[in-house]
Amino acid sequence: MKKPKNHILVIFGASGDLTYRKLVPAVYDLHQQNLLPENFAILGLGRTELSDEEFRLKMKAGIKSFALQKTEDESVLNTYLDKLFYYSFNTKEKEEYAGFKGRLLELDQQCNTDHNFIFYLATPPSMYEIIPAYLSAFEFNDESTGFKRLIVEKPFGYNLETAQKLNKKLLHCFKEEQIYRIDHYLGKETVQNLLVTRFSNGIFEPLWNRNYIDHVEITSSESVSVGSRGGYYEGSGALRDMVQNHLLLLAGLVAMEPPALIDSTNIRNEIAKVFHSFRPLKEEDVHKQVIRGQYTSSHVKGKEVKGYREEEGVHPESRTETFVAMKTYIDNWRWADVPFYIRTGKALPTRVTEIVIHFKSTPHHLFANDENLCKQQNQLVIRIQPDEGLLLKFGMKVPGAGFKAQNVNMDFHYSDLAETYLPSAYERLLLDCMLGDSTLYHRGDAVEAAWKYVDPILKAWEKDPSIPVHGYPAGSWGPDVSDNLIEGQTQTWRYPCKNLSDDGKYCEL
Ligand code: BG6
């Protein structure tokens with residue numbers, strides 16, 4: 001396998017949780033698979049004063065808890081830890097960048113990393129404009145002597161206006177090809193498999209359009225509540241936190257046209273085309289097409305769960321949504337008038353992300369059957385997590401007299417494969433950036449198009465207090481009214497269980 005060029009990964013915000021739980025463990029997993037270049041180092045940056053040794057010790061604990069490639073051998077772990085360094089400075093102060101530059105260039109010489117640097121912004125979003133500006137002031141955007149790449153974490157903007165402003169500022173300092181806007185959903189193996197399922201099989205693509213598909217459901221439910229993240233979540237809400245990025249991306253991958261090539265330009269062009277085709281929502285229609293909810297206190301599995309308004313960092317009269325269910329359309333030749341239903345929430349019964357393709361039912365119902373119409377439809381369930389796999393539901397004859405049909409399951413589980421190592425999203429994405437491949441990163445225009453679509457919803461919610469925030473008990477599937485979004489009297493959401501093949505409103509007690 002192709003290895004990245006020698007380089008240093010510079011992490012801004014290295015004393016934070018993301019570095020500890022995700023980034024350093026993910027790079028360790030790459031190290032264990034021999035995917036790092038010969039000469040490589042991580043330089044962690046932050047305001048907290050830490051020596052290299054203290055930083056390594058802290059990261060060691062993170063690796064032990066969160067890396068996928070486990071090892072009992074301390075010497076193996078230490079070989080990796082030797083590549084970790086730390087430098088403390090105030091990243092808000094321009095003058096302090098001179099000292100940082102000195103340390104980075106010194107490390108570059110010491111490690112023979114050929115002046116190639118990746119800068120990862122694992123900081124609060126308030127720093128996303130400041131750090132790149134100072135990096136460019138100190139010529140860390142100049143690629144004449146080696147590559148310089150910038151990885152920006154979500155949230156990318158707070159609404160359309162701020163996203164546009166951020167893009168503009170970043171593009172003032174770095175070229176689009178140098179900017180890697182991360183969405184960890186794109187790093188998930190099963191999300192990438194959507195492309196393979198669609199475009200490597202002859203049987204799905206002919207049916208993949210408005211002639212055969214009735215509607216599409218995209219669900220990402222989480223059983224955890226907001227917990228200690230109340231401070232952040234209060235200013236975000238489910239629409240910004242999950243829909244604008246991860247779930248619209250899944251819709252994009254389900255709906256996109258086959259790309260001419262599997263490369264960054266072609267795949268990202270097709271995703272952007274879908275984003276540009278979302279039927280714009282009028283502010284006055286938001287209450288009809290988007291349901292918002294907030295979890296209230298409840299007993300889940302014998303334990304008391306706090307309501308959102310009781311969480312730390314949350315206003316006692318907060319109207320921030322912890323649940324969203326919405327109906328959207330993609331106005332193009334393939335999808336005209338096919339509803340895409342999107343749903344996400346915290347404190348729901350289980351943690352599941354999946355896409356359900358509901359095919360149209362047969363034009364004539366030959367077989368007497370007491371099941372409702374919804375169940376007669378063929379469904380293809382693409383399970384992103386957990387119990388990753390594919391499930392096809394189709395009608396079979398019930399053995400015995402007469403002709404009675406019933407839906408049965410045909411399923412594939414990733415866990416059945418001999419080689420089941422599923423790399424973490426950060427592992428895949430960091431490796432791609434190291435290789436200079438931005439296919440699985442968002443392009444600026446697509447991010448703006450996604451914000452453009454959700455902006456009227458944010459505005460309507462802000463302006464119109466009569467749009468309800470429905471309460472739902474923690475541990476339930478959200479407000480009942482979200483069922484009314486789905487057209488057709490017999491249609492409802494699929495209520496998925498932890499394991500792919502089962503569904504039903506409350507399958508985990
Ligand atoms: C993050 C959100 O982007 O995605 C979190 O900020 C959410 O609120 C998380 O919990 C979900 O990611 P995953 O990979 O667990 O589905």
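Counting begins at 1 with the first residue of the sequence. Just so you know, ligand 1 is whichever comes first in the structure, and atom 1 is the first atom listed for that ligand.
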Between Arg149 and Glu177, does any NZ, NE, NH1 or NH2 come within less than 4.0 Å of an OD or OE carboxylate oxygen?
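No.
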
As an exercise, identify every atom of ligand 1 less than 4.0 angstrom from a heavy atom of [X].
| X | value |
| --- | --- |
| Lys154 | 1 (C), 2 (C), 3 (O), 6 (O) |
| Lys188 | 13 (P), 14 (O), 16 (O) |
| His246 | 1 (C), 3 (O), 4 (O) |
| Lys346 | 5 (C), 7 (C), 8 (O), 10 (O) |
| Asp241 | 2 (C), 5 (C), 6 (O), 8 (O) |

Quick one: nearest non-hydrogen protein atom to atom 15 (O) of ligand 1, plus distance?
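Heavy-atom neighbour on the protein nearest atom 15 (O) of ligand 1: Arg351 NH2, 3.2 Å.
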
Nearest to atom 11 (C) of ligand 1, what protein heavy atom do you find, and at what distance?
Glu222 OE2, 4.0 Å

[X] and [Y]: aromatic ring centres closer than 6.0 Å?
| X | Y | value |
| --- | --- | --- |
| Phe117 | His7 | no |
| Phe140 | Phe119 | yes |
| Phe340 | Trp335 | yes |
| Phe12 | Tyr120 | no |

Is it the case that Arg181 places NZ or CZ above or below the six-membered ring of Tyr441, under 6.0 angstrom from the centre and within 45 degrees of the axis?
no

Count the heavy atoms belonging to other residues, nucleotides or ligands that lie under 6.0 Å from NZ of Lys154, then report whether that count exceeds 12.
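Buried by this count: over 12 neighbours within 6.0 Å.
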
Pick from Gln385, Glu153, His184: the one approaching atom 12 (O) of ligand 1 most closely through a non-hydrogen atom
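Among Gln385, Glu153, His184, the closest heavy atom to atom 12 (O) of ligand 1 comes from His184.
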
Indicate, as side chain, backbone, both or neither, the part of Tyr185 found under 4.0 angstrom from ligand 1 when only non-hydrogen atoms are considered.
side chain

